[in-house]
Amino acid sequence: MKIGYPCINRSIACRGNRTFRLASYSEERLFATVAENLRCLAAMLRYNIEHTLLFFRITSDLVPFASHPVCAADWRGRFAADLAAVGEYVRETGTRISMHPDQFVVINARDSDIVERSVAELCYHADLLDAMGLDTTAKIQIHVGGVYGEKERSLERFVRAYTTLDETILRRLVIENDDRRYTLADCLRVHDETGVPVLFDRFHHEVHSSGESPRDAVISAAGTWRAVDGVPMVDYSSQQPGGRRGNHAETIDPDNFRAFLAESAPVDCDIMLEIKDKEKSALLAAAIAATDPRFAAPR
DNA sequence: AATGGTCAAGTCAGC
DNA sequence: GCTGACTTGACCATT
């Protein structure tokens, strides 16, 4: 069991998700931004190892506009050595990596242009992880997509679109239950038809579920991961007190997290903390999890 | 230097 | 019909 946080570390000097306006796009600007983001990614990974955090989500903004038609720059070639070096560090430290493309990736959209842009974005994510030399345990997580007032047909459209995806994407793609549209049960149905692993989101399940207990839910989702996919990933968060229903917590609720460790005890899993104060809560989570027999310490 | 409007992309609930 | 939320705030023109 590895503990992690998404994309940004607030304790170190750089952010790693620098971007710029499309209007100011140039190859020079792109290369400068990617160089800075990669430098910072390496710094965040080092911080994580020093703090027993072995799970990290890489921002989709690492290469801004990578899947946009404006981007003709050969960032794969330009940064091949740097990406390989970061990937080598990931491998030698045993760090687990995920990515989570933005909400704009909707592969079950009715509009074929949206599907096309979504596939291009998935290609970028797969290319990036490939360029880092990471194996198929490095995952790309997406939601099933839109409902459009016809869930059955929309689920079918997902399955159809999924089967046309390139193998470089398929070997990394996993689906996650969301907080408004597709429940864990929906995702498990998609798994039955496609084999796609299901990433269980504990908080989304609390906000929008088909009634399963968290314990049963995490066991069901974990059963969809094959050995080649690695230890099942789960997203963890809790309700922000006083916030709107579904708002992610600003900081970790230790009791709630302990309860989740107990609920998930039957399976091993890597836990991504989707909590707004990032590494701060992840550090506390790792300290809490350190006594759990599943907890994986840095090598 | 500070600030506020705006930013590639989609869906949908809530107003 | 518009805004906010979503895994996340940052860019940049203007003052």
Side-chain angles (χ1 to χ4, degrees), chain A residues 4-10 14-26 29-30 32-33 36-37 40-41 44 55-71 97-125 139-151 154-155 157-158 161 174-182 186 199-204 207-208 233-240 243-250 270-282:
Chain A
Y5 61 96
C7 307
I8 297 175
N9 181 308
R10 297 177 190 282
C14 60
R15 286 287 168 269
N17 62 342
R18 291 258 310 257
T19 182
F20 51 86
R21 295 287 182 256
L22 179 59
S24 47
Y25 179 92
S26 70
R29 184 76 186 261
L30 180 78
T33 304
E36 162 66 10
N37 286 342
C40 188
L41 172 60
M44 291 190 285
F55 189 15
F56 190 65
R57 181 181 297 165
I58 296 177
T59 177
S60 297
D61 281 337
L62 190 80
V63 184
F65 306 106
S67 73
H68 190 281
V70 76
C71 181
I97 294 294
S98 69
M99 297 188 76
H100 192 340
D102 273 324
Q103 61 272 28
F104 312 108
V105 169
V106 184
I107 72 166
N108 79 339
R110 291 183 288 197
D111 179 341
S112 61
D113 290 343
I114 294 173
V115 177
E116 200 174 307
R117 283 193 289 271
S118 298
V119 172
E121 181 72 354
L122 290 176
C123 260
Y124 149 61
H125 284 74
K139 293 304 185 191
I140 302 168
Q141 63 185 93
I142 61 171
H143 297 296
V144 175
V147 172
Y148 312 101
E150 45 173 25
K151 197 173 212 178
S154 296
L155 279 166
R157 263 199 322 282
F158 180 94
V174 303
I175 58 172
E176 172 196 348
N177 57 301
D178 68 76
D179 59 352
R180 288 182 299 150
R181 301 184 282 262
Y182 292 97
D186 295 327
L199 189 158
F200 177 59
D201 186 307
R202 171 70 185 85
F203 184 44
H204 289 166
V207 174
H208 178 57
M233 296 175 175
V234 301
D235 284 353
Y236 168 82
S237 188
S238 58
Q239 173 67 40
Q240 168 63 20
R244 274 174 46 173
R245 181 173 160 79
N247 280 10
H248 289 241
E250 290 290 334
D270 289 341
I271 305 176
M272 176 60 60
L273 272 80
E274 292 185 334
I275 294 185
K276 293 192 185 293
D277 65 4
K278 304 287 181 184
E279 80 286 354
K280 187 160 172 259
S281 283

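Proteins come first, then strands; the chains are lettered A, B, ... in the order of their sequence lines, and each starts at number 1. Side chains are part of it too, since the values below use all heavy atoms of this structure and drop only hydrogens, waters and symmetry mates.
Among the nucleotides C/dC11, B/dA8, B/dT11, the one closest to any side-chain atom of A/Leu22 is B/dA8. For A/Asp102, counting side-chain heavy atoms from C-beta on, the closest listed nucleotide (C/dA10, B/dA9, C/dC11) is B/dA9. Distances were taken from every side-chain heavy atom of A/Arg10 (C-beta onward) to each of C/dT8, C/dA5, C/dC11; the shortest belongs to C/dT8. Nearest to the side-chain atoms of A/His68 among the listed nucleotides B/dT11, C/dT8, B/dA8 stands B/dA8. With distances taken from any side-chain atom of A/Phe20 to the nucleotides C/dC6, C/dC11, B/dA8, the minimum falls on C/dC11. Of the candidates B/dT11, B/dA8, C/dC6, B/dA8 carries the atom nearest the A/Phe65 side chain, counting heavy atoms from C-beta on. Taking the side chain of A/Arg29 as heavy atoms from C-beta on, and the options C/dA10, C/dC12, B/dG10, the nearest nucleotide is C/dC12.
Atom P of nucleotide B/dA13 and atom NE2 of A/His208 are separated by 10 Å, given to the nearest angstrom. Rounding to whole angstrom units, CD1 of residue A/Ile107 and C1' of B/dT11 are separated by 15 Å. A/Tyr182 places its OH atom 8 Å from the P atom of B/dC12, with the value rounded to the nearest Å. Distance CG (A/Asp179) to C1' (B/dC12): 11 Å, rounded to an integer number of Å. For the pair A/Arg157 CZ and B/dG10 C1', the computed distance is 13 Å after rounding to whole Å. Atoms CE (A/Met272) and C1' (C/dT7) sit 9 Å apart, rounded to a whole Å. A/Gln141 places its CD atom 12 Å from the P atom of C/dT8, with the value rounded to the nearest Å. Per the geometry, CG belonging to A/Asn247 stands 14 Å off C1' belonging to C/dT7, to the nearest Å.
Ring centroid separation for the pair A/His248 and A/Phe203 comes in under the 6.0 Å cut-off. Between A/His143 and A/His100, the ring center distance clears the sub-6.0 Å criterion.
A salt bridge between A/Asp270 and A/Lys139 is absent, with no side-chain N of the basic residue lying under 4.0 Å from a carboxylate O of the acidic one. Residues A/Arg157 and A/Glu150 are paired through a salt bridge, judged by an N-O separation under 4.0 Å between the basic side chain and the carboxylate.
Spacing of C1' atoms, B/dA8 relative to C/dG1, comes out at 22 Å, to the nearest Å. Taking atom C1' on both nucleotides, C/dA5 is separated from B/dT3 by 24 Å, rounded to a whole Å. The gap from the C1' atom of C/dT7 to that of C/dC12 amounts to 25 Å, rounded to the nearest Å. Here the separation of B/dT6 from C/dG4, taken at their C1' atoms, is 15 Å to the nearest Å. The P atoms of B/dA2 and C/dT8 are separated by 27 Å, rounded to the nearest whole Å.
At C/dT8, one or more side-chain N or O atoms of A/Lys276 fall inside 4.0 Å of OP1 or OP2 (strictly under the cut-off). Contact between the side-chain N/O atoms of A/Arg18 and the OP1/OP2 oxygens of C/dC11 is found at a separation under 4.0 Å. For C/dT8, neither phosphate oxygen OP1 nor OP2 lies less than 4.0 angstrom from any side-chain nitrogen or oxygen of A/His100.
A/Gln103 comes within 4.0 angstrom of a nucleotide base, judged by non-hydrogen atoms across all strands. Across all strands shown, A/Ser24 has heavy atoms under 4.0 Å from sugar-phosphate atoms exclusively, and none from any base. Within 4.0 Å (heavy atoms only), A/Val147 reaches sugar-phosphate atoms of the nucleic acid but no base atom.
Here the CZ-CD1 distance, from A/Phe56 to A/Ile8, works out to 8.5 Å after rounding to the nearest 0.5 Å.
Where A/Ile275 and A/Arg180 each meet DNA chain C at their nearest nucleotide, the meeting point lying more 5' is that of A/Arg180.
Side chain A/Arg21 to base C/dC12: no donor-acceptor pair is found below 3.5 Å.
The aromatic ring of A/Phe104 does not sit over the base of B/dG10; the criterion of centres under 5.5 Å apart with planes under 30° is not met.
Screening A/Val174, A/Val105, A/Leu122 for a side chain to side chain contact (heavy atoms under 4.5 Å, CB included) involving A/Ile140 leaves a single residue, A/Leu122.
Judged by Watson-Crick or G-U wobble contacts below 3.5 Å, the nucleotide C/dT7 has no partner. Under the Watson-Crick and G-U wobble criteria, each requiring two contacts below 3.5 Å, nucleotide B/dA8 is left unpaired.
Listed here is the closest heavy atom pair of A/Val106 and A/Tyr148: CG1-OH, 3.5 Å.
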